[in-house]
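Just so you know, these numbers use all the heavy atoms, side chains as well, and skip hydrogens, waters and symmetry mates. Computed from a predicted structure; not experimentally measured. We name chains A, B, ... by the order of the sequence lines, and we start the count at 1 in each one.
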Amino acid sequence: MNAMAQAADLDELRERKRFDPGAVEPLLMRRWLESGLFHPQPEGDASENYSIAIPPPNITGALHMGHALNGAIQDTLIRFHRMGGRRTRWIFGTDHASIATQRQVEKELVSLGTSREELGREAFLERTWSWRERYGATIVEQYKRLGASCDYADERFTMDGAYADAVARVFVELYDRGYIHRDHYMVNWDPGSRSAISDLEVEEREATDTLYRIAYPLADGAGEVVVATVRPETMLADSAVAVNPDDERYRQLVGREAILPLVGRRLPVIADDYVKADFGSGALKVTPGHDPNDFEIGRRHSLPQHSVIGEDGRMTAEAGEAFAGLTVLEARAAVVAALERDGLLRGSEPYTHSVPYSHRSGERIEPLISLQWFMRMDELAKPAVDAVRDGRVQFHPQRWSAVYLDWMEKIRPWCVSRQLWWGHRLPVYYCDACEETYVARERPARCGACDGPLRQDEDVLDTWFSSALWPFATLGWPERTAALRAFYPTDVVVTAREIIFLWVARMIMMGLEFVGEVPFADVYVHAVIQAADGRRMSKSLGTGIDPLVEIERSGADAVRFGMLAMSSTQDVRYSVEKIEQGERLANKLFNAARFVILGIGERGGVAAARPTAVEDRWILSRLSRFEHELAERIAAYDFPRVALALYDFVYGELCDWYIELVKGRLGDADLDATLRHVLRETLMLAHPVMPFVTEELWRYVREDGEGLLAGVTRARSELALDEEAEASVSRVIVATQAIRNWREQVAVKPGVSLAARIEAVGYEGDDGALLGRIARLQLGGDGEAVAQIAIPGGTLAILDGVDLGAHAQRQQRERARLVAEIERLRAKLSNDAFVNNAPAPVVERERAKLARLEAELADLG
RNA sequence: GGGCGGUUAGCUCAGCUGGUCAGAGCGCCUGCCUUACAAGCAGGAGGUCGCUGGUUCGAGCCCAGCACCGCCCACCA
């Protein structure tokens with residue numbers, strides 16, 4: 001930049017009195033993208049590089065607060081480590097989100113008066129791909145608005161060709177290793193999605209149903225046995241009646257038979273430990289086809305399985321003419337009516353219990369027996385448990401590891417097939433002629449046994465099956481690519497707790513099984529942001545807040561800062577105030593920089609080896625502390641304090657004190673150099689949190705040859721403290737605050753310069769002059785003191801210009817405060833128990849405090 | 001039914017291994033257009049740290065019990 005251009009630049013800056021994020025953000029993002037900084041070459045190995053695989057956002061969505069928080073955290077980490085000199089990659093991409101996307105597209109079809117069935121599979125998929133084209137790009141643009149420095153140039157999608165190959169390969173290998181098999185088994189059937197779903201996609205809700213008592217006559221005519229149920233309609237599929245083997249009441253029934261009302265089937269009475277004698281009537285109707293527990297009982301006793309409820313949630317032909325075609329609820333009423341008619345209802349009562357609902361469609365789950373593909377998890381879980389136990393993977397906060405371990409230790413088989421169209425179709429082929437099954441990455445041409453044609457399984461995989469491969473499938477696995485070597489394992493996965501099981505656990509298992517290494521060293525589980533009123537943020541509740549709206553209003557830096565500041569290890573309510581705090585901070589930084597840049601103009605290029613002014617030494621010491629605190633907080637994933645530390649340094653040290661202390665010294669070569677240095681450092685340190693404002697300011701202070709701030713690397717320096725300067729300036733600050741407070745209370749305007757004399761130790765030389773400047777005192781008079789103000793090390797004597805009445809009142813209040821405090825300390829120190837038991841330094845500290853207060857009291861007279 | 005979090009100023013939240021830990025931001029009150037920022041600056045008021053016991057010389061901080069609030073897991077019809 002030549003001198004003329006720079007002068008024009010400065011003139012322009014002079015007029016920009018507020019930071020205007022909207023005016024600079026798109027431009028800066030474009031520069032970053034063009035620079036290629038976000039797209040590192042895959043060199044070296046993962047131990048020296050830094051990488052994070054983003055939790056891939058669904059192509060269905062728009063950015064919400066969860067993404068904003070999640071993204072702000074990751075980008076802070078990524079930018080911090082990039083500037084720390086590591087080769088850094090934030091692996092980016094989107095998720096096809098099988099069931100969620102399919103539902104969205106289906107909804108759209110319904111609104112157009114058609115349906116997926118009408119369209120047919122092929123046309124439906126075509127439509128969904130074009131949906132992906134349309135909406136997949138939206139979320140990418142939104143991440144850019146946040147300033148996220150993802151590797152957009154190497155974007156992945158979980159249904160890209162290479163990724164799909166990896167998915168198929170994993171499926172086939174797991175099948176070959178005996179982990180995956182096909183079976184008729186009880187599944188959670190979601191009538192809304194017309195698909196099986198996994199246990200993790202089921203949520204329990206409380207419901208009040210009616211518990212009916214129904215009499216089943218005994219086959220030999222000798223009485224009846226009464227069973228209790230909330231689902232009378234399922235009795236049509238009953239296979240047995242079960243009682244507890246130790247239940248004296250029913251012992252003589254075991255081995256006999258009951259007649260199933262309405263159907264007439266003979267049901268054996270069996271004994272099983274599962275049955276609780278003290279619940280209901282103590283006799284349980286066993287329905288292996290429609291209840292998970294009964295299914296297990298049925299397997300134990302080899303009972304037949306009847307199905308009376310279909311996949312559409314209606315009664316099937318097997319339910320009998322009277323009920324076939326009815327919905328479950330209609331059938332329930334009809335069954336109860338029929339029982340009543342037959343005089344077999346023995347009672348009913350309201351009963352509150354938890355009932356499974358689909359997390360996907362919101363409909364009540366219908367447990368059914370279905371032919372599905374299952375994955376056995378127990379063996380895969382073992383090494384993944386070990387990895388957390390021995391610390392190769394660490395959860396932050398740590399308490400989540402217990403949650404993870406608990407789940408992993410009683411992990412159950414995973415139903416991986418879904419009766420959907422959008423997703424990874426199972427690489428399974430059947431020969432209808434000879435019933436041969438082929439599981440292979442490539443479709444075999446013909447049946448190897450009978451040369452018949454093959455038919456591919458209609459089902460697709462659970463969307464989380466492909467997500468589980470994310471950290472390595474994105475890097476080119478199964479090829480041993482340079483990218484895989486350079487960035488796997490990643491350093492951390494940043495996520496909300498709701499997907500610890502769905503995603504995190506499965507990534508650990510798959511990473512260990514297929515790459516032989518854990519996919520990340522750390523799992524940072526962040527807060528869930530709730531609406532301001534404590535409800536969950538959701539579009540349907542109308543409690544959602546759109547991060548883009550917040551970015552429009554306050555700027556991306558503000559939103560990022562707010563997210564970090566709000567974040568916590570517990571859930572938090574959304575507070576605009578934190579965003580606004582971030583907005584003020586960005587503006588403050590902008591203006592402080594303006595002051596410095598315009599103040600030093602084109603001077604200030606030459607830095608003195610070591611400044612001598614005490615306030616210059618002070619700010620360098622504080623800067624060093626800040627740098628180290630920031631690094632510690634980031635290493636500890638303590639983001640609220642990353643934000644707070646930044647705020648405190650910029651506001652509390654740099655602006656409130658340092659800049660105020662040096663006003664009037666501009667032009668001093670040492671000062672100009674120090675200001676410039678401190679500003680440069682501050683921009684570098686703040687950049688990971690507030691990339692835009694810092695990048696915008698950087699161009700005014702960068703050296704020749706330095707590029708974008710985002711690409712600046714900066715070695716960590718040793719902690720360099722100047723205790724002496726800190727003590728000095730701290731005295732000046734405390735004294736200034738005491739004086740300002742006194743002015744306020746005795747109504748002496750802040751602008752009025754006061755004649756005063758320092759009667760205290762520690763203000764020799766520069767420090768006294770500094771105090772005089774900042775507190776607006778005319779020092780040096782030798783008149784009679786008309787008032788005294790307690791300051792560190794003694795008192796300040798005020799020589800004139802004071803309302804004596806107001807001052808006396810203030811002194812009175814001050815004296816009372818001191819007396820009370822001294823009283824308390826004396827009592828404490830005359831307590832032998834305290835003096836003898838407390839550690840010496842503590843006692844010493846209390847003694848010193850007492851002495852100080854006594855001196856202050858004495859000085860006040 | 002089990003487990004995990006939470007309960008600190010009017011509001012949203014910090015308070016690490018018990019001893020300047022009673023804090024921040026917002027809001028409120030007062031005063032200032034002081035050579036960056038009035039969407040700013042300076043100063044101030046506000047809390048018996050959910051309740052009850054206990055441990056300790058000393059407890060928001062540790063222990064026990066209780067009361068609410070939230071979340072997760074769970075196959076009692």
task: Answer yes or no: does a side-chain N or O of A/R399 lie under 4.0 Å from OP1 or OP2 of B/C4?
output: no
field: Distance below 4.0 Å between A/N837 side-chain N/O and B/U56 OP1 or OP2
entry: no
Check ion pair [X]-[Y] (N to O, under 4.0 angstrom):
{"X": "A/R205", "Y": "A/E203", "result": "yes"}
{"X": "A/E615", "Y": "A/R773", "result": "yes"}
{"X": "A/E726", "Y": "A/R625", "result": "yes"}
{"X": "A/E12", "Y": "A/R16", "result": "yes"}
{"X": "A/E821", "Y": "A/K849", "result": "yes"}

message: Taking the nucleotide of RNA chain B with the nearest heavy atom to each, does A/P750 or A/D571 sit closer to the 5' end?
response: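 Its nucleotide being nearer the 5' end, the pick is A/D571.
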message: Can you work out whether A/V596 or A/R641 has the more 5'-proximal nearest nucleotide on RNA chain B?
response: A/R641
Nearest-Å distance for atom pair [atom1]/[atom2], residues [X] and [N]:
{"X": "A/K578", "N": "B/U12", "atom1": "NZ", "atom2": "P", "answer": "11 Å"}
{"X": "A/N591", "N": "B/A36", "atom1": "CG", "atom2": "C1'", "answer": "5 Å"}
{"X": "A/E498", "N": "B/G70", "atom1": "CD", "atom2": "P", "answer": "18 Å"}
{"X": "A/R776", "N": "B/C41", "atom1": "CZ", "atom2": "C1'", "answer": "11 Å"}
{"X": "A/D648", "N": "B/G25", "atom1": "CG", "atom2": "P", "answer": "8 Å"}
{"X": "A/K588", "N": "B/G40", "atom1": "NZ", "atom2": "P", "answer": "8 Å"}
{"X": "A/F834", "N": "B/G19", "atom1": "CZ", "atom2": "C1'", "answer": "7 Å"}
{"X": "A/K849", "N": "B/C21", "atom1": "NZ", "atom2": "P", "answer": "9 Å"}

What's the gap between [N] and [M] when it is taken at their [atom1] atoms, as a whole Å value?
{"N": "B/A45", "M": "B/U35", "atom1": "C1'", "answer": "33 Å"}
{"N": "B/C62", "M": "B/G15", "atom1": "P", "answer": "13 Å"}
{"N": "B/A24", "M": "B/G46", "atom1": "C1'", "answer": "14 Å"}
{"N": "B/C61", "M": "B/C21", "atom1": "C1'", "answer": "9 Å"}
{"N": "B/G47", "M": "B/C11", "atom1": "C1'", "answer": "14 Å"}
{"N": "B/A59", "M": "B/U20", "atom1": "C1'", "answer": "16 Å"}
{"N": "B/G18", "M": "B/A74", "atom1": "P", "answer": "36 Å"}

Please work out if [X] contacts a base, only the sugar-phosphate, or nothing of the nucleic acid, heavy-atom cut-off 4.0 Å.
{"X": "A/K749", "result": "sugar-phosphate"}
{"X": "A/S568", "result": "sugar-phosphate"}
{"X": "A/Q737", "result": "sugar-phosphate"}
{"X": "A/K17", "result": "sugar-phosphate"}
{"X": "A/P640", "result": "nothing"}
{"X": "A/E577", "result": "sugar-phosphate"}
{"X": "A/Y651", "result": "sugar-phosphate"}

- line: Which of B/C13, B/A39, B/G19 is nearest the side chain of A/R18? It is B/A39
message: Looking only at the side chain of A/R584 (C-beta and beyond, no hydrogens), which of the listed nucleotides B/G70, B/G40, B/G44 gets closest?
response: B/G40
Could you tell me whether a side-chain N or O of [X] sits under 3.5 Å from a main-chain N or O of [Y], the two making a donor and an acceptor?
{"X": "A/R497", "Y": "A/V525", "result": "no"}
{"X": "A/S554", "Y": "A/I551", "result": "no"}
{"X": "A/T736", "Y": "A/V732", "result": "yes"}

task: Answer yes or no: is there a side-chain heavy-atom contact under 4.5 Å between A/W742 and A/H807?
output: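 Yes, their side chains come closer than 4.5 Å.
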Below 3.5 Å is the cut-off: list the nitrogen or oxygen pairs between protein and nucleotides 72-77 of chain B, distance only.
from	atom 1	to	atom 2	distance (Å)
B/C75	OP1	A/R412	NH1	3.2
B/C75	O4'	A/N293	OD1	3.4
B/C75	O2'	A/N293	OD1	3.3
B/C75	O2'	A/N293	ND2	2.6
B/C75	N1	A/N293	OD1	2.9
B/C75	O2	A/N293	OD1	2.7
B/A77	OP2	A/Y351	OH	2.6
B/A77	O2'	A/A228	O	2.6
B/A77	N6	A/K276	O	2.5
B/A77	N6	A/F279	O	2.9
B/A77	N1	A/K276	N	3.3

- request: Answer with yes or no whether A/E660 presents, from its side chain, a donor or acceptor under 3.5 Å of a partner atom in the base of B/A42.
  value: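 It does not, because no donor-acceptor pair links the side chain of A/E660 to the base of B/A42 below 3.5 Å.
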- prompt: How should the glycosidic conformation of B/G60 be described, syn or anti, under the criterion that syn lies within 90° of 0?
  reply: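 Syn for B/G60; the angle stays within 90° of 0.
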query: Syn or anti for B/G23, taking syn as within 90° of 0?
result: anti
Aromatic contact, A/F279 with A/Y351 (centres under 6.0 Å): yes
